[in-house]
There are 2 protein chains.
Amino acid sequence: MDVKGRPTTRGTARGTYAVGDERRSRILDTAVEHFAQWGFHAASLARIAKDVGITQGGLLHHFRTKEALLVSVLEASDEHDIERFFAEECATVAEWFHRLLDLTAHNARRPGRTRMFNALVGESGDPEHPAHAFFTRRYRTLAEDAAQSLRRGVDSGELRPDTDCPAEARQLLAMMDGLQLQWVLDPEAVDMPAQLHRHLDRLYRALSASGTALPPRTTD
Amino acid sequence: MDVKGRPTTRGTARGTYAVGDERRSRILDTAVEHFAQWGFHAASLARIAKDVGITQGGLLHHFRTKEALLVSVLEASDEHDIERFFAEECATVAEWFHRLLDLTAHNARRPGRTRMFNALVGESGDPEHPAHAFFTRRYRTLAEDAAQSLRRGVDSGELRPDTDCPAEARQLLAMMDGLQLQWVLDPEAVDMPAQLHRHLDRLYRALSASGTALPPRTTD
DNA sequence: GTCTATAGTTCGATAGAC
DNA sequence: GTCTATCGAACTATAGAC
C-alpha cells in the first residue's frame, strides 16, 4: 500500500516491478518535460497529472508533495549515469575525453532532460530553491571526479606534470554547460558535439605531455 | 500622464527626469532581484510591489503587464553594456580579452543581475517563454560580434590565419556562461575571474600567430 | 490506486475613488 | 500616481468515497 520509492514486489517473480511502478515512471517522465518548460516553481501538479492522464489527487498519491516529486525526478534522472561518465576509470585521459563526447551526443538526443537541467540549474542559484543543495553538491562532486580523472593522467605521464587538475575540471564542466545553454536556445546555430570536440582536441594538445592531438577512440 | 517609457519632461531643465522615473527605476531594480530568485513565471507582482513599497495596483500603473515589466527589465539591464563589451572595436585581440575579464569581474560584483540572467536564460529554453526570442537573438548577436573581433585579429596578423572565428566565439561565450553558472551556485568554490583568465591565457597562446602568452593590459 | 470535493492561498489584471 | 476593492482563475494540499 505504501509507495515510498521501493518497488512493491507483488506476485512472485523476482525483479518484477509492480504495475503501479509503470504509472510512477510515467509521472516522472512527464514531470521532466514540465520542469523543463516551466521550471520548478511555475510547474503545476494539475497540468502534470492531466498530461499523465490522471487527476491531481491521483498524482499526489504517488508523490506526497511537489517538492518530493522534484527530488524523485532528480534522483531518477540520468544524474547517476552522468556521474559515472565522469567518475568511471578510463585507461587514458584521451579515452575519458571520448566518453565526454559520448555524453554530449547523448544529451543532444534527449532535449527534454537537457532543457530541464538548464532550467533547474539556473533557477537553483537561489539558495532557497529546493534543488539548490542538490546542484551545489552535484558540481562539487563532478568537479572532484573530473579532477581525479585528469590527475590519473598526470600520474601516468600522459599529461604534463604542471597540469592544474581542479581548475581544468571546472573549466571542462563550464564549457559543456555553456554549450548546452546555447544549444537549447538555438539547436540549429550550435553543433554542440562538434564544438566540444574542437575544444577537447585543443585542450588535449595543450595538456598532453607529448603535445599531440587527441588520438581517435580506442575501441579497446 | 502617460508613463510609456519616455521621461515625462516636467518643468524646464533639459535632461532632468521627472520624479516618477525614480520610482520606475526602483521597480526595475527590485524586479531584477525577484526574477533572479523566482524566474519569470513564479515571480509575483504583489511581492515585487511590496518590496518597492507600493501596492500591486500602483506597480501596474508603471508597467501594464507582467510581461511588459520583464521586457523593460531586460532592456534596461546591462545588456547594452555587455553588447558593447563584445562589439566595441579594440586595437588588439589581447586588449579585447582584457575587456572580457573586466566584464566578468564586473558581473562578480553584481550577483543579483548575474543570477537573474542565469535563471532567465535557463527558463527561456522553452520557445513559449516570453524571453525566448530575446535570448536567442542575444546569443546570435554576441556570437557575431565576438567572431568579428577575432576576425579583425586574424586580418591584422595577430591571430593565426586558420582561426575558426565563429566557433571560437561560441566557445568563448560558453565558457563565460558556464563559469557563471557554477559561480552563482557556489561562489566560494569558483574564482570566476581567475578561471576565465587562465582560459583566455591559454586560448591566446593557441590562437596567436606568435604563440606567445596573453600580454598584460596596455593602458593605452 | 484513483476519484471528487473542497479548503485556503495567491495569482494577474481591471475599475474607480482620491 | 497611488490607493482600495474585486473578479475569475489557478495553485498546493487534504479528506474521504469507492
Side-chain angles (χ1 to χ4, degrees), chain A residues 1-11 16-28 30-31 34-35 37-73 123 128-131, chain B residues 1-11 16-28 30-31 34-35 37-73 123 128-131:
Chain A
M1 197 170 253
D2 189 13
V3 193
K4 270 269 202 59
R6 300 307 112 215
T8 58
T9 50
R10 192 195 300 171
T16 294
Y17 287 77
V19 182
D21 284 350
E22 193 274 341
R23 173 63 46 94
R24 213 182 131 85
S25 71
R26 280 261 314 285
I27 295 173
L28 289 175
T30 306
H34 281 251
F35 288 145
Q37 180 167 9
W38 300 93
F40 171 72
H41 293 298
S44 147
L45 293 179
R47 277 195 300 261
I48 295 171
K50 190 180 174 189
D51 257 26
V52 174
I54 59 177
T55 64
Q56 190 205 197
L59 193 160
L60 283 170
H61 168 75
H62 296 275
F63 303 93
R64 273 183 178 32
T65 67
K66 190 185 186 184
E67 200 160 319
L69 175 59
L70 175 68
V71 170
S72 295
V73 164
E123 235 185 359
E128 306 282 321
H129 193 284
Chain B
M1 196 170 254
D2 188 12
V3 192
K4 271 266 203 63
R6 297 308 111 214
T8 58
T9 50
R10 191 194 302 171
T16 294
Y17 287 76
V19 183
D21 283 352
E22 193 274 340
R23 174 62 47 92
R24 215 180 128 84
S25 71
R26 280 261 313 284
I27 295 173
L28 289 175
T30 306
H34 281 251
F35 287 145
Q37 179 165 11
W38 300 93
F40 171 73
H41 292 298
S44 146
L45 293 180
R47 276 195 301 260
I48 295 172
K50 190 180 173 188
D51 257 25
V52 174
I54 59 178
T55 63
Q56 191 203 199
L59 193 159
L60 284 171
H61 168 77
H62 295 274
F63 303 92
R64 273 183 180 21
T65 67
K66 190 185 185 184
E67 199 161 320
L69 176 59
L70 175 68
V71 170
S72 295
V73 163
E123 237 184 358
E128 307 283 320
H129 193 284

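These numbers were taken from a predicted model, which means no experiment stands behind them. Computed over heavy atoms, backbone and side chain alike; hydrogens, waters and symmetry mates excluded. Per chain, numbering begins at 1; letters A, B, ... match sequence-line order.
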[X]: which residues meet the side-chain contact (heavy atoms from CB on, under 4.5 Å) condition with it, sequence neighbours left out?
| X | answer |
| --- | --- |
| B:L45 | B:Q56, B:L59, B:L60, B:K66, B:L69 |
| B:A131 | B:L70, B:L74, B:S124, B:H129, B:F135 |
| B:T65 | B:E67, B:A68 |

Protein-nucleotide distance ([X], atom [atom1]; [N], atom [atom2]), rounded to Å:
| X | N | atom1 | atom2 | value |
| --- | --- | --- | --- | --- |
| A:F63 | C:dT2 | CZ | P | 11 Å |
| B:I27 | D:dT2 | CD1 | C1' | 11 Å |
| B:E22 | D:dG1 | CD | P | 13 Å |
| A:K50 | C:dC3 | NZ | C1' | 17 Å |
| A:H61 | D:dT14 | NE2 | P | 14 Å |
| A:L59 | D:dT12 | CG | P | 10 Å |

- Could you list all the side-chain hydrogen bond (donor to acceptor under 3.5 Å, both in side chains) pairs where at least one residue sits in residues 42-52 of chain A, not counting sequence neighbours?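 side-chain hydrogen bond (donor to acceptor under 3.5 Å, both in side chains) check on residues 42-52 of chain A returns A:H34-A:D51.
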- Taking only residues two or more places apart in sequence, or in another chain, which ones meet B:H41 in a side-chain hydrogen bond (donor to acceptor under 3.5 Å, both in side chains)?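 For B:H41 there are no side-chain hydrogen bond (donor to acceptor under 3.5 Å, both in side chains) partners, ignoring immediate neighbours.
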- Task: Provide the closest heavy-atom pair for B:W38 versus B:E123 in the form atom of the first, atom of the second, distance.
- Result: O-OE2, 4.3 Å
- Message: Does D:dG1 have its OP1 or OP2 closer than 4.0 Å to a side-chain nitrogen or oxygen of B:R24?
- Response: no
- Counting side-chain heavy atoms from C-beta on, which of D:dG1, C:dC3, C:dG1 comes nearest to A:I54? C:dC3
- Task: Do nucleotides 4-18 of chain C as a string where each nucleotide becomes B, S or -: B if the base has a protein heavy atom under 4.0 Å, S if just the sugar-phosphate does, - if no protein is that close.
- Result: B------SBBB----
